[in-house]
*Asks:* 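Before anything else, here's the structure in question.
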Amino acid sequence: MMRFRTVRRLVASSCVRWRHSSSQRKVAGLLALARVDRPEGSLLLYWPGAWSIALAAAPGAPPDVALLTLFGVGAFVMRGAGCTINDMWDRDFDRRVERTRGRPIAAGDVPLWPDATLFLGAQLSAGLAVRVLRFARAVPSFLPFLSVGPHAAQHPVDRLRRRVAPAGRRLSVGEAV
């Protein structure tokens with residue numbers, strides 16, 4: 001297995017020729033923001049899901065490779081988005097801690113706007129694309145979430161009903177049914 005080196009070395013040693021060294025620094029900073037050089041978090045996110053997919057396969061049949069790949073890409077992208085937003089929120093704190101002082105936003109390598117924010121938007125869009133592809137493959141798993149709207153609206157409706165209804169005519173949901 002390839003040993004991951006620092007992101008700057010990974011980008012600098014690639015065969016891509018950059019027109020400007022600032023582009024190379026920008027890409028290296030964004031890759032460092034997503035923690036591409038440290039894949040442990042992505043693997044920790046991927047393995048439980050991959051194990052579940054393997055257990056859900058029919059007995060004696062191999063797990064669905066396309067679903068494993070889709071889950072792997074989603075784990076990598078969403079872990080990177082989590083690292084990005086963590087660095088965005090903790091940028092002031094990271095500057096004061098020795099261990100996190102070198103992170104791209106805290107060190108000033110990547111500006112919060114527009115680079116880090118647009119990069120986060122791209123990561124979240126990629127995560128949404130993976131989710132949409134997942135919906136296209138199986139029975140939609142969003143059906144349980146359709147009940148969230150009525151449950152979320154129940155409390156304000158109850159409060160309004162208590163104010164509007166006369167004192168003797170208040171009904172609860174159970175009595176109306």
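Just so we're clear, the structure is a prediction, and the values are computed from it rather than from any experiment. FYI, side chains are in, hydrogens and waters are out, and symmetry mates aren't considered; it's all heavy atoms of this structure.
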*Asks:* I need the Met88 CE to Arg103 CZ distance, nearest 0.5 Å.
*Replies:*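 The CE atom of Met88 sits 14.5 Å away from the CZ atom of Arg103.
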
*Asks:* As a quick check of understanding, evaluate side-chain contact (heavy atoms from CB on, under 4.5 Å) for Leu124 and Met78, giving each step before the final call.
*Replies:* CA-CA 7 Å; Leu124 293 176; Met78 293 312 294; 3.9 Å; yes

*Asks:* For Pro62 versus Ala57, what's the shortest heavy-atom pair and its separation?
*Replies:*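 Distance-wise, the nearest heavy atoms are O-CB, 4.0 Å.
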
*Asks:* Hydrophobic clustering (ILVMFWY, side-chain heavy atoms < 4.5 Å, transitive) - are Trp47 and Leu44 grouped together?
*Replies:*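 Hydrophobic grouping puts Leu44 apart from Trp47.
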
*Asks:* If you link I, L, V, M, F, W and Y whenever their side-chain heavy atoms are under 4.5 Å apart, who else ends up in the same group as Leu55?
*Replies:*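 So far as hydrophobic clustering goes, Leu55 is joined with Trp51.
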
*Asks:* I'd like to know if Leu118 and Ile105 are part of one continuous hydrophobic network [Ile/Leu/Val/Met/Phe/Trp/Tyr, side-chain heavy atoms within less than 4.5 Å].
*Replies:*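 No: no chain of side-chain contacts under 4.5 Å links Ile105 to Leu118.
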
*Asks:* Nearest 0.5 Å, please: how far is CD1 in Ile85 from OG1 in Thr117?
*Replies:*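 Output value for this atom pair is 9.5 Å.
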
*Asks:* Grouping I, L, V, M, F, W and Y whenever their side-chain heavy atoms are under 4.5 Å apart, do Leu43 and Ile53 come out in a common cluster?
*Replies:*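 Yes, Leu43 connects to Ile53 through the hydrophobic network.
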
*Asks:* Does Trp89 belong to the same Ile/Leu/Val/Met/Phe/Trp/Tyr cluster as Leu33, with side-chain heavy atoms less than 4.5 Å apart forming each link?
*Replies:*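 Looking at the clustering, Leu33 is in the same group as Trp89.
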
*Asks:* What closest approach, in Å, do Gly29 and Pro104 show between heavy atoms, and which atom pair accounts for it?
*Replies:*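 So the minimum-distance heavy-atom pair works out to O-CG, 3.6 Å.
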
*Asks:* So which atom in Asp94 and which in Ala106 form the shortest heavy-atom distance, rounded to 0.1 Å?
*Replies:*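 Shortest heavy-atom separation between Asp94 and Ala106 comes out as CB-CB, 3.7 Å.
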
*Asks:* Could you report the tightest heavy-atom contact between Phe76 and Val36, atom names first, then the distance?
*Replies:*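 It is CZ-CG2, 4.1 Å.
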
*Asks:* Is any side-chain heavy atom of Val65 less than 4.5 Å from a side-chain heavy atom of Thr69?
*Replies:*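 Heavy-atom side-chain distance check passes, below 4.5 Å.
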
*Asks:* Please name all residues satisfying side-chain contact (heavy atoms from CB on, under 4.5 Å) with Ala126, sequence neighbours left out, ordered by chain then number.
*Replies:*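 Partners of Ala126 under the side-chain contact (heavy atoms from CB on, under 4.5 Å) test: Val77.
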
*Asks:* Measure from the side-chain N and O atoms of Arg79 to the backbone N and O of Arg35, and report whether any donor-acceptor pair falls under 3.5 Å.
*Replies:*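 Yes, Arg79 side chain to Arg35 backbone: donor-acceptor pair under 3.5 Å.
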
*Asks:* Measure across Leu70 and Val130 and return the closest heavy-atom pair with its distance rounded to 0.1 Å.
*Replies:*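 The pair with the smallest heavy-atom distance is O-CG1, 3.6 Å.
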
*Asks:* Donor-acceptor pair, Arg101 side chain versus Arg95 backbone, under 3.5 Å?
*Replies:*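 Present.
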
*Asks:* To the nearest 0.5 Å, what is the distance between CG on Leu31 and CZ on Phe119?
*Replies:*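 So the gap between those two atoms works out to 6.5 Å.
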
